[in-house]
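Data first, discussion second: the structure below is written as structure tokens.
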Amino acid sequence: PELAELVDRVHVPAVLDGEIIAPGPDGTPEFSRLQTRLGLTDPRDVERARRTAPVELVLFDVLHASGQDLTSLPYTQRREALEMVVDAGGTIQVPDTVALPLEEALAVSEKLGLEGGLAKRRDSAYRPGVRSTDWRKVKHAQHTDVVVVGWRPGRGERTGSIGSLLVATRTPDGLRYAGRVGAGLSDRDLARLEKKVAPPPGPHGVPRRDRRRLTAGPPIPRSPSRFSRSLAEPPRGARAPVRCRPRTVARRASHDRAP
């Protein structure tokens, strides 16, 4: 409801491009806070969420204004038009332009705790519905070397194959569980990994009722992180993990904030 202010801050009929954000206590957008505002219909729930997770509309571009199509204009001209069309303030924001080299802009973004940056060619047109190379989204990522210690069976298109890898980090006290990795694995990657992380052969003659409880190797200590969970104790209702010899080393990339 707080974004209804937009009507009073846009001086002419216009089509704008922007994003709704929910800033945290330090002003940095937090996707988890924004999720608390989604799908609410009861006025009391809406008002409660409005107080605990207020939102803002950040405007980046203008496509049409006063009946004119501006998409073919260079970005610099559309940016000037945006500042003329919108009277920024309150919950409606038009971020300042940053005239810095990409490396410096990303350094500022990382210092502010932002997800990354969006680089745009100044002479680029607006191409609705098209992934243009004139705009490039650059995310901050943290890379960590991890050890593959097991995997979970896949579902859907990955049925009968690896769904996600279970990884751990090396510490002076041994391996500590770091979480699951599933995105970014191609069919070729999965086929190669299946050969490397296949579980060691178990004893013969184990009754069927006991096979699903059979694990191999020593238990992995709990991690103090938010992924804290022992591989030997999967959550209730989850697919049982398959343990493997902790010999395969991979590199795990994680992003501080979700898009």
Is the shortest heavy-atom distance from the side chain of [X] to the side chain of [Y] under 4.5 Å?
X	Y	value
Arg44	Glu47	no
Ser132	Lys120	no
Arg122	Arg79	no
Leu16	Leu82	yes
Tyr75	Asp134	no
His11	Val85	no

Under 4.5 Å between side-chain heavy atoms, hopping through other hydrophobics if needed: is there a path connecting [X] to [Y]?
X	Y	answer
Phe31	Val55	yes
Val58	Val15	no
Val94	Leu118	no
Leu63	Trp135	yes
Ile21	Leu6	no

Looking at every non-hydrogen atom in both residues, tell me the closest pair between [X] and [Y] and how far apart they are.
X	Y	value
Pro1	Val46	CG-CG1, 3.8 Å
Pro23	Pro54	CD-O, 3.6 Å
Leu102	Ala119	CD1-CB, 4.2 Å
Ala168	Leu175	CB-CB, 4.1 Å
Leu3	Leu57	CD2-N, 3.7 Å
Pro25	Glu30	CD-OE2, 4.0 Å

Rounded to the nearest 0.5 Å, how far does [atom2] of [Y] lie from [atom1] of [X]?
X	Y	atom1	atom2	answer
Leu59	Arg9	CG	CZ	11.0 Å
Asp17	Thr71	CG	OG1	12.0 Å
Arg78	Asp61	CZ	CG	4.0 Å
Arg176	Thr169	CZ	OG1	8.5 Å
Glu2	Ile92	CD	CD1	9.0 Å
Thr52	Arg33	OG1	CZ	7.0 Å

(message) Surrounding CZ of Arg50 (heavy atoms of other residues, nucleotides or ligands, distance under 6.0 Å), is the total greater than 12?
(response)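 Yes.
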(message) Could you check whether atom CG of Asp42 has more than 12 heavy atoms from other residues, nucleotides or ligands sitting under 6.0 Å from it?
(response)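 Above 12, so yes.
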(request) Return yes if a side-chain donor-acceptor contact under 3.5 Å exists between Glu5 and Thr91, otherwise no. (result)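 Glu5 vs Thr91: donor-acceptor pair found between side chains.
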(message) Is a donor from one side chain sitting under 3.5 angstrom from an acceptor on the other, for Asp173 and Thr171?
(response)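 There is no such pair (donor and acceptor under 3.5 Å, judged by atom type) between the side chains of Asp173 and Thr171.
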